[in-house]
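Computed from a predicted structure; not experimentally measured.
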2 protein chains.
Amino acid sequence: MQSFFEYIDRLTPALSKEALAAIGEIAARRTVPRRTLLLRAGEICSNFYFIEKGLGRVFYYRNDQEVTAWFGFEGQVISAIDSFFTGFPSEYWIEILEESEVRVVGNQDIEWLFRHYPETERLGRLMITENYLRLDERMKLFAFHTAEQRYQLVLKQFPSILQRVPLHMIASYIGVTQVTLSRIRAEY
Amino acid sequence: MQSFFEYIDRLTPALSKEALAAIGEIAARRTVPRRTLLLRAGEICSNFYFIEKGLGRVFYYRNDQEVTAWFGFEGQVISAIDSFFTGFPSEYWIEILEESEVRVVGNQDIEWLFRHYPETERLGRLMITENYLRLDERMKLFAFHTAEQRYQLVLKQFPSILQRVPLHMIASYIGVTQVTLSRIRAEY
DNA sequence: TACTGATTTTAACATTTGTAAAAGCGCGGG
DNA sequence: CCCGCGCTTTTACAAATGTTAAAATCAGTA
């Protein structure tokens, strides 16, 4: 369990009580059942989701096959950034994999927050930076490592992933088919 | 020629004269000769570079082969984000491909700017968002398209690229070897 | 315990892409 | 004008991964 406010406090410890209270207003807590689709491709994603407990993912279809692009574990953020920041329909799907406790934060509310509490711009900037770096990490996973190394690194990064995520999702996340992942796993 | 201040004005038209003047102070203009390495892997990247005129790239080595990760054409930003935002040594190289006019902006100066002109936090946020989206676009290039389509799309996105960038850099940018790119190009 | 459905592994084969090296092309300098 | 150098294409072969389908394993439950 990782509370949204602990997360905020880590990024911007100096935030005023008023700003924090305002964030409390707009960040609705919600319990989401397993296998819920929070977004379908073609829809506009007007929220981001902070995972306080549980697990979700972002995925897309390539030749009728699901490909997982992003996991959101406890303390992490999930959204369809291609839509969230542009207002255009997303090409991504968002799915909750386990019953989860999330904070839902809407586009409009964030704009309102920035306008009324300019100090929160800094929080916004740091949250985006953190996720930008996460995406860069993912690029580097492919840039510098073989499929086998990617598998090992993902296990290290998310120690509970084998217990919580089916292998075909891990396979597509590391950029191979499930058959290839099986071959990798067999080599031990 | 795309001036840094036009770019800023597009993102934050409401910025105060004082803030703009301060940015003018910290964003040094510099003429960079062709083939200049602005960063080597292992070094800490404490600047970003706005390309007012010319062209640069970010690349890395995979099995002793250069792989281009990012181009910066006029009006775009180049940096090694893995280092710029973290302070750790980068795994990327930055190279200027053509004699270029750039604006160099340092880490420390940006922090100073944010502190003294909080309104500039917004500019920072929007610049990061824009580049985050560019990285996502690049992920989607691979997610949804074949190598041949990636080649076509890159030509469309950067119409002058064939005249300005050798094919081996384009090949690695779209995730294939130069031999494969040659095969793709031959199919017309 | 045995059945059912979901998940994972295995097998056989096809295809793509990479590797290494040679050949071709184009342009500027001697 | 020709040579040489850098860039690009071509060739032949090897290796890795994908595809399809079947078999095996596992989990939950009747």
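Among the nucleotides C/dG18, C/dA12, C/dT9, the one closest to the side chain of B/Val176 is C/dG18. Which of C/dT8, D/dT17, C/dA20 sits closest to the side chain of B/Val179 comes down to C/dA20. Nearest nucleotide to the side chain of A/Thr177, out of C/dT8, C/dT19, D/dG18: D/dG18. Comparing D/dT10, C/dT10, D/dG18 against the side chain of A/Ser182 picks out C/dT10 as the nearest. For A/Gln178, the listed nucleotide lying nearest its side chain is C/dT8; candidates were D/dT19, D/dT9, C/dT8. Set against D/dT19, C/dT9, D/dC7, the side chain of A/Leu167 has C/dT9 as its closest nucleotide. If you check C/dT8, C/dT10, D/dT10 against the side chain of A/Arg185, the one that comes closest is C/dT8.
Rounded to whole angstrom, the span from the CZ atom of B/Arg183 across to the P atom of C/dA20 amounts to 14 Å. Atom CD of A/Glu66 and atom C1' of C/dT7 are 14 Å apart (whole Å). Rounded to an integer number of Å, the gap from CD of B/Gln65 to C1' of C/dG18 is 10 Å. Whole-Å rounding puts the B/Arg62 CZ to C/dT17 C1' distance at 13 Å. When the C1' atom of D/dA16 is taken as reference, atom CG of B/Asn63 falls 14 Å away, rounded to whole Å. In this structure, the OH atom of B/Tyr151 is 10 Å from the P atom of D/dT8, given to the nearest Å. The distance between atom CD1 of A/Ile161 and atom P of C/dT8, rounded to the nearest whole Å, is 12 Å. Counting to the nearest Å, the P atom of C/dT17 and the CD1 atom of B/Ile184 are 7 Å from each other.
Here A/Phe59 and A/Tyr61 bring their ring centres to under 6.0 angstrom of each other.
Under a cutoff of 6.0 Å and an axis angle of 45°, B/Arg134 and B/Trp70 form a cation-pi pair. No cation-pi contact links B/Arg164 to B/Phe158, judged by a cut-off of 6.0 Å to the six-membered ring centre and 45° from its axis.
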Open item on the list: Checking A/Arg57 against A/Glu95 for the salt bridge (charged side-chain N to carboxylate O under 4.0 Å, His left out) test, could you report, in this order, the C-alpha distance in whole Å, the side-chain angles of both residues, the deciding distance, and whether it holds?
Closed with: CA-CA 5 Å; A/Arg57 65 164 180 152; A/Glu95 181 185 23; 2.8 Å; yes

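Crowding of B/Lys140 atom NZ: a count of heavy atoms from other residues, nucleotides or ligands under 6.0 Å exceeding 12.
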